[in-house]
Amino acid sequence: MSSPLDDLYQEIILDHYRKPRHRAGELEPHDVHVHHANPLCGDELDLRLRVDSTDPAAPRVGAVVYDGDGCSISMASASAMTEAVTGRELADADDLGEAFRLMMHGEGLKREDDLLDGVAFQGVAKFPVRVKCALLGWMALKDAIGTYRDGNQEHRVTHE
Amino acid sequence: MSSPLDDLYQEIILDHYRKPRHRAGELEPHDVHVHHANPLCGDELDLRLRVDSTDPAAPRVGAVVYDGDGCSISMASASAMTEAVTGRELADADDLGEAFRLMMHGEGLKREDDLLDGVAFQGVAKFPVRVKCALLGWMALKDAIGTYRDGNQEHRVTHE
Amino acid sequence: MDALDVETVRKDFPILERQVHGRPLVYLDSAATSQKPQAVLDAMDRYYEQSNANVHRGVHALAEEATEAYENARGKVARFIRADPRGVVFTKNATEAFNVLAYSLAANRLGDGDILLSTQMEHHANLVPWQLVQPRAGFEIRYIPVIALGPDAGTLDLDAFDEIVATGRVKLFTVTAMSNVVGTINPVADLAARVRAANSEAVVVVDGAQSVPHLPTDLLALEADFLCFSGHKMLGPTGIGVLAGKPELLDDMPPFLGGGEMIANVTLEGTTFNEVPYKFEAGTPPIAEAVGLGAAVDYLSALGMESVRAHEVALLEHVLPALNSVEGVTVHGPTDPSGRGAAVSFAVEGLHPHDIGTIMDREGVAVRAGHHCAKPLVRLLGSAATTRASFYVYNSVDEVQALIDAIEATKRFFVR
Amino acid sequence: MDALDVETVRKDFPILERQVHGRPLVYLDSAATSQKPQAVLDAMDRYYEQSNANVHRGVHALAEEATEAYENARGKVARFIRADPRGVVFTKNATEAFNVLAYSLAANRLGDGDILLSTQMEHHANLVPWQLVQPRAGFEIRYIPVIALGPDAGTLDLDAFDEIVATGRVKLFTVTAMSNVVGTINPVADLAARVRAANSEAVVVVDGAQSVPHLPTDLLALEADFLCFSGHKMLGPTGIGVLAGKPELLDDMPPFLGGGEMIANVTLEGTTFNEVPYKFEAGTPPIAEAVGLGAAVDYLSALGMESVRAHEVALLEHVLPALNSVEGVTVHGPTDPSGRGAAVSFAVEGLHPHDIGTIMDREGVAVRAGHHCAKPLVRLLGSAATTRASFYVYNSVDEVQALIDAIEATKRFFVR
Ligand SMILES: Cc1ncc(COP(=O)(O)O)c(C=O)c1O
Ligand SMILES: Cc1ncc(COP(=O)(O)O)c(C=O)c1O
């Protein structure tokens, strides 16, 4: 019998929070660095992306790291995100992010297997004020991909 | 047994309303003309004053007329005022006006005999929204005397 | 459409049981403010007794409930007027809504050579804010005259309107959907279309303070960019109003009031702003009042706005002939109920509105005497004041008779 | 001075009987908004059920009663803070009050070369409005820094203050009487005197949003020209705030919002304005809300503001040591209860305020997590957010224990 609080803080989430994957303030070399802030909650996140262009027609997430100051949900979600997208084609990573977003807004669960631990964040959808936290890392990734495609290297975004 | 409404619309007041004294839009010659408005109620009043300076040290109200568009209280009070002040020294008329004002604010009844029919307006004090109406003519007189003393002939005032 | 059962409706309004000077209250002053059904008071009490918290920033249960209650109310209001909830800004009253538009829209979008077109029948709320910003912004304010006499008395002079519009310089058009003095229902959608045809950049603002409580409202059908109204005239509480508009336009406007809630980020050097509608809701909003307005909208929707309108037309069909049959009484404004709302101003020969109001009050009949915050129009009617009886969902045909009786009593009082 | 009997007080607040997630509600978020005693709700209901009408313009009985109720409330508020009722303007919240001052005072009285002096501990309501008008008016905004570390942490840097004041260019000084984040009580009267000594023309504005609910207030003794606060933080309803100030200064200020009530005369060519306070109360005011605030003021006065303060100091004497004794907890701001109010921000090592707030909520304890609309200060504390527990008349020593237990539970949750 799970309480809503257990839904919010699933063991998987707590695990990513306590043992973050790919949490780092540096990634050398990297192609893009984005900084995202959720000023209403105070969450801040830096994300660095290295693009693998071995196949120029289908560039991939070569490596991605994040760092920041935020609640367990935002940091754990970013951690789970890095695992789910590393190695994927950029377009595919974008699509996966959209699947995550829809899941968080309670609009169905797609690509369950590909989301890996990301699925654990489903329970956060019941806590509307925390949804933004779970989305922060994924929003940063999406923005990093867009920034890369636009030929830029840096972007700062404040979510309203 | 008198109802509050009877206090407001005493027979004396209704009499001044139905048979106004010194109600006229002209007074030839006159020394001062003032126009007073109570914009929140919409009352408007013109007052013309002729000063009798036979004794230059003690100028008197030679004649005073009023005209206007207003409720029965404002028009009747102006009518009663003209009777009470005609022939008085300006300073004395001012003083009488002050006595009327205090009466309307429930701060005691002075110079009862000199106020003549003005005393009938005492009951209006119980109707705070109508006090301004009863004061309008007296305020205009006071202003006319002040305007005269300042050596002017015209003044327009909007009471807030 | 169900006909409205007045006796049932009246039971929902506790104040109607009141006596005034020993007589049953006959409340004919709803154009100034409406009475409130028990359901509205209960909704606010329930909010305070169960969910009260500050909104938008809390992670605790009460804060979430309060936020949900507040945002639900926004949704209800949006549906009630068929607007996008992102474009529903809660203000303190209709007046503040106009000020937001004056300071943030007119003062920025309009300048030398532009005309702000208004009308001679506007409420001060839709006159003074534009006048306040005009000197700084430099636009010109023009007013469509109101026809004073004849069969079209109390309606806008459409020839004059067309002439001004033909200049192509009208950049903002503001008009009341329903006059609070003479009841006139203006052909807003038609006027808006003509303004837009002459200048595709024109913005149309509608004063819905009297129309939203009394007529079915569809913001899209009105062809308006903005609609301003107040909660307290539509069975809701005091302390809340609405600025409803196109989110894109609101997005483009600079903020007006600064403070908490409306910001995204604040540093000592400067500030970035939150998205709409929050950008225009600085500080702690009228939360309980929004909840109350939501309940008022529910109440009106349950009655059905078509039924509300039909009820008022039925009352007008009684009150207009009845007033006209009283000797010495002149009714201002449109004579056909289909072209007007239930705010009915009239004059009684030889009697001043203040005296009428005072004497009627002794009969238990509450009417308003004065300029109704629409001085330019009232002046045009030939006086500084009118007596106004205004009707709403809880008024009955019997009360029409009480009004007529009270006028007769007033006349007797002054000729006795 | 009678000691406050919390158990009796609690019975007056219906919401305190509530359960949250199966636990009794422990409401520690009064700095965001306070709960309301039954007497306040009853006063508003009574107003709506018996006297509801629009104010100031009616001759009928309800309009007179409503006007009297509204103006009585103004008198009560004036007495509560020892102000002239003519200088008590009802706004929609404290934020609007600051905006009135920014638009009508700062933008007019201040210009090139003048300094508007504020502090780093202000709420956004006392930052953003000045920033909004600054570009147009051209004055310079300076901020007194807040000491971040050491025994004076959370207090203003008075050396820096003196230095800026010594320029003689400070024309407007605005400061909060009590920080909503760290509770600091600022020596307002002393600071005001220093500012005035350096520039006799300087205007002093005080943010009383946190102090008026919690401390005895005497506007004269504060040496302030203006005091801004909100009803909802002092047991009153949402939808009402107060701008209190010197009537002479208000007289000199141009109006801000335009509309009904605030005018003396309106023509299509222009407008003359009503006297204060009405000049600043455009449109239908928050009437029922004023009545509710009047009842709140009555309630607080019956408790006695000295007793209210003593109660909170007693709570602080429990909560500060208790928090400090929890491992990993750092309390921000002044350590001595005599120098601070009962808004207590703290950090828990390794835990983010949002997580703390969420877990505490499951224990029934409502605290706030975030920037508390005072980002510059919170940033100075070294984070983007704090957890804040804030206390009021209805909070008991038992609830202090509940807070400590909930923090322990949160810590266990994350290390399990
Ligand atoms: C110190 C301080 N100032 C101003 C405000 C603004 O109050 P309101 O949101 O009611 O306008 C608050 C409350 O949030 C506050 O704590
Ligand atoms: C047509 C019209 N517009 C605007 C208003 C202003 O509404 P409020 O006073 O609630 O701001 C009113 C009400 O007085 C009105 O009748």
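Only a predicted model underlies this, so the values are computations on that prediction, with no experimental measurement involved. Labels below follow one simple rule: chain letters A, B, ... track the order of the sequence lines, proteins then strands, and each chain is numbered from 1.
- Q38(C) touches chain D through its side chain: at least one heavy atom from C-beta onward sits under 4.5 Å away, while N, CA, C and O do not.
- For P353(C), no part lies near chain D; criterion is any non-hydrogen pair under 4.5 Å.
- In this structure, the side chains of D45(D) and K36(C) stay at 4.5 Å or more apart for every pair of heavy atoms.
- One distance of note links CG of D361(C) with CD of E64(D); it measures 6.5 Å at 0.5 Å rounding.
- Looking at P254(D), there are no atoms closer than 4.5 Å to chain C (heavy atoms on both sides), in backbone or side chain.
- In terms of heavy-atom proximity, N52(C) sits nearest to S34(D) at ND2-O, 2.9 Å.
- A donor-acceptor distance shorter than 3.5 angstrom exists from the side chain of N54(D) to the backbone of A32(C), with no hydrogens or angles considered.
- Residues R18(D) and E65(C) are paired through a salt bridge, judged by an N-O separation under 4.0 Å between the basic side chain and the carboxylate.
- For S230(C), no part lies near chain D; criterion is any non-hydrogen pair under 4.5 Å.
- Looking at R136(D), the atoms closer than 4.5 Å to chain C (heavy atoms on both sides) all sit in the side chain, from C-beta outward.
- Classified by interplanar angle (parallel below 30°, tilted 30° to 60°, perpendicular above 60°), the ring pair F256(D)/F256(C) is tilted.
- Between the side chain of T238(C) and the backbone N or O of A288(D), at least one donor-acceptor pair lies under 3.5 Å.
- At least one side-chain heavy atom of L132(D) sits under 4.5 Å from a side-chain heavy atom of P255(C).
- In terms of heavy atoms, A282(C) sits closest to T95(D) at CB-CG2, 3.7 Å.
- The shortest heavy-atom contact between G260(D) and C373(C) is CA-SG, 3.9 Å.
- Counting heavy-atom pairs closer than 4.5 Å to chain D, the top residue among F13(C), F98(C), W130(C), Y27(C) is Y27(C).
- Residue M44(C) touches chain D through its side chain alone, counting heavy-atom pairs closer than 4.5 Å.
- Side-chain contact between E289(D) and I240(C) is absent, with no heavy-atom pair separated by less than 4.5 Å.
- With a threshold of 4.5 angstrom between heavy atoms, Q131(D) approaches chain C through side-chain atoms but not through N, CA, C or O.
- Pairing each heavy atom of P129(D) with each of G259(C), the nearest pair is CD-N, 4.4 Å.
- Smallest separation of non-hydrogen atoms from H60(D) and A366(C): CG-CB, 3.5 Å.
- Residue contact with chain D, scored on non-hydrogen atoms closer than 4.5 Å, is absent for V100(C).
- No donor-acceptor pair under 3.5 Å is formed between the side chain of N99(D) and the backbone N or O of L257(C).
- Nearest approach of V59(D) to A369(C), heavy atoms of both residues: CG2-CB, 4.4 Å.
- Each of T91(C), V20(C), L25(C), T33(C) has some count of heavy-atom pairs under 4.5 Å with chain D, and the biggest count is that of T33(C).
- For H21(C), the part lying under 4.5 angstrom from a heavy atom of chain D is the side chain only.
- You'll find the side chain of I15(D) stays beyond 4.5 Å of the side chain of Y48(C), heavy atoms only.
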